[in-house]
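Supplied in structure tokens, the structure appears directly below.
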There are 2 protein chains.
Amino acid sequence: MAARMTRQRTAVVEALDELADFRSAQQLHETLRARGESVGLATVYRALQALADASEVDVLRAEDGESLYRRCARREHHHHLVCRHCGRTVEIDGPTVEAWASKVAAAQGFDDIEHTIELWGTCADCRASAATK
Amino acid sequence: MAARMTRQRTAVVEALDELADFRSAQQLHETLRARGESVGLATVYRALQALADASEVDVLRAEDGESLYRRCARREHHHHLVCRHCGRTVEIDGPTVEAWASKVAAAQGFDDIEHTIELWGTCADCRASAATK
DNA sequence: ATCAGGCGTGAGAATCATTCTCATGAACTC
DNA sequence: GAGTTCATGAGAATGATTCTCACGCCTGAT
């Protein structure tokens, strides 16, 4: 279970550290290749999955179903406000929402509650460039 | 733009009306075939997409990325508490959450806000059958 | 009812992200 | 340093969804 420290895994982690926004596995693979780091696509997927299992990265699904990954500042539970165009991300938390969610679920006799709360929008920069065009 | 009323489209709508829970396009296709209704898979997808565009059905993504569809009682905006095992669904709404979401997003300068708020859990029935086993 | 034109249909191919396979290569242990 | 084990990578496989295109069934006008 000890995660081996390989060149590839290191490269993935570094790339994630430098990128502040949510990125897909495919995008990360592109980034690594462009950077000269030769890493197989399957390896990128494996590394990301391992990191996600270890709660080292957050995963969420884009509107088209693609998985997006991000190295978040805080490891505690939180949510995101993400720009659907550029992936720009703001971490947010909603204590009120957490409480609300578990109360509602429990009232219906549900167990093992998990909630998905994500906000999507267009960030100021993307709105500006869209206007220019 | 007038949606034609065909045998296939009718069959899809009827199946959705009878099924109270979220189902995937594949599952619906199976159901229809089992029922003797011959409907192509592509047609099921098209019908569901059309219904979703018309806000006649709600769509959400399962944890594995598959799209699930459901004919909801109310057409107004609302959320769901879904059993991840059997698809059993309870409609819920959270006025508090709505307000919270738009306030947070606006504070960060984001536009065109959209939010994803879904609750997943194990319903009482599924918990019981899991215990038996 | 009837007809014509257009939208809907279906089977299979195409697409796309993700996972699997398996032979080879690189880490960690002693 | 040697051996064992796990990670890697290229390509095949998978699975949901979409596309293609020839053909048939709605629908509105006659």
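Numbered from 1 within each chain, the chains take letters A, B, ... in sequence-line order.
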Atom NE2 of B/H29 and atom C1' of D/dA16 are separated, to the nearest Å, by 13 Å

Using only modelled atom types and a 3.5 angstrom limit, is any donor from either the side chain of B/R4 or the base of C/dC7 paired with an acceptor on the other?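 Side chain to base: pair present.
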
Is any side-chain N or O of B/Q49 closer than 4.0 Å to OP1 or OP2 of D/dT17?
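No, outside the criterion.
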
What I want to check is whether the side chains of B/H85 and B/D125 have a donor and an acceptor closer together than 3.5 Å.
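No.
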
Quick one: is A/Y45 getting a side-chain N or O under 4.0 Å of the C/dT18 phosphate, OP1 or OP2?
yes

So does A/S24 get a backbone contact from the side chain of A/Q27, meaning a donor-acceptor N/O pair under 3.5 Å?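 Side chain of A/Q27 to backbone of A/S24, a donor-acceptor pair under 3.5 Å: yes, one is there.
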
message = What is the separation between atom CD on A/Q26 and atom P on C/dT19, rounded to the nearest whole Å?
response =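 Atom-to-atom, A/Q26 to C/dT19, this comes out as 11 Å.
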
Name the pairs: protein N/O against N/O of nucleotides 8-14 of chain D, kept only if under 3.5 Å.
| from | atom 1 | to | atom 2 | distance (Å) |
| --- | --- | --- | --- | --- |
| D/dT8 | OP1 | A/T6 | OG1 | 2.7 |
| D/dT8 | OP2 | A/R9 | NH2 | 3.4 |
| D/dT8 | O3' | A/Q8 | NE2 | 3.0 |
| D/dG9 | OP1 | A/Q8 | NE2 | 3.0 |
| D/dG9 | OP1 | A/S38 | O | 3.3 |
| D/dG9 | OP2 | A/G40 | N | 3.0 |
| D/dG9 | OP2 | A/T43 | OG1 | 2.6 |
| D/dG9 | N7 | A/R46 | NH2 | 2.6 |
| D/dG9 | O6 | A/R46 | NH1 | 3.4 |

| Donor on one side chain, acceptor on other, A/H77 and A/E98, under 3.5 Å | yes

Using the C1' atoms of five pairs at each end, what's the angle between the two axes of the helix from C/dA1-D/dT30 to C/dC30-D/dG1, to 10 degrees?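 Roughly 40° between the end axes, to the nearest 10°.
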
Derivation and outcome, side-chain contact (heavy atoms from CB on, under 4.5 Å), residues A/T116 and B/W120 = CA-CA 8 Å; A/T116 303; B/W120 296 89; 3.9 Å; yes

- prompt: Between B/H79 and A/H115, does the ring centre distance come in under 6.0 Å?
  reply: no

For a quick check under 3.5 Å, do A/T43 and A/Q8 share a side-chain donor-acceptor pair by atom type?
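Short answer, no.
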
### Query
Does a side-chain heavy-atom distance below 4.5 Å link B/R70 with B/E91?
yes

The correct set of residues in residues 50-72 of chain A placing a heavy atom under 4.0 Å from DNA chain C is A/E66, A/S67

Assign each of B/A25 and B/M5 the nucleotide of DNA chain D bearing its closest heavy atom; nearer the 5' end lies the nucleotide of B/A25

_So does A/V39 get a backbone contact from the side chain of A/H29, meaning a donor-acceptor N/O pair under 3.5 Å?_
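Yes: the side chain of A/H29 pairs with the backbone of A/V39.
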
When rounded to the nearest 0.5 Å, the distance separating CZ of A/F22 from CD of A/E118 is 6.5 Å

- Message: Is it the case that the side chains of B/Y45 and B/Q26 hold a donor-acceptor pair, with the cut-off being a distance below 3.5 Å and no angle test?
- Response: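 The criterion, which ignores hydrogens and geometry beyond distance, is satisfied for B/Y45 and B/Q26.
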
Would you say the side-chain atoms of B/R71 pair up with the backbone N or O of B/D21, donor to acceptor, closer than 3.5 Å?
->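 Absent.
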
Atom CD of B/E37 and atom C1' of C/dT9 are separated, to the nearest Å, by 14 Å

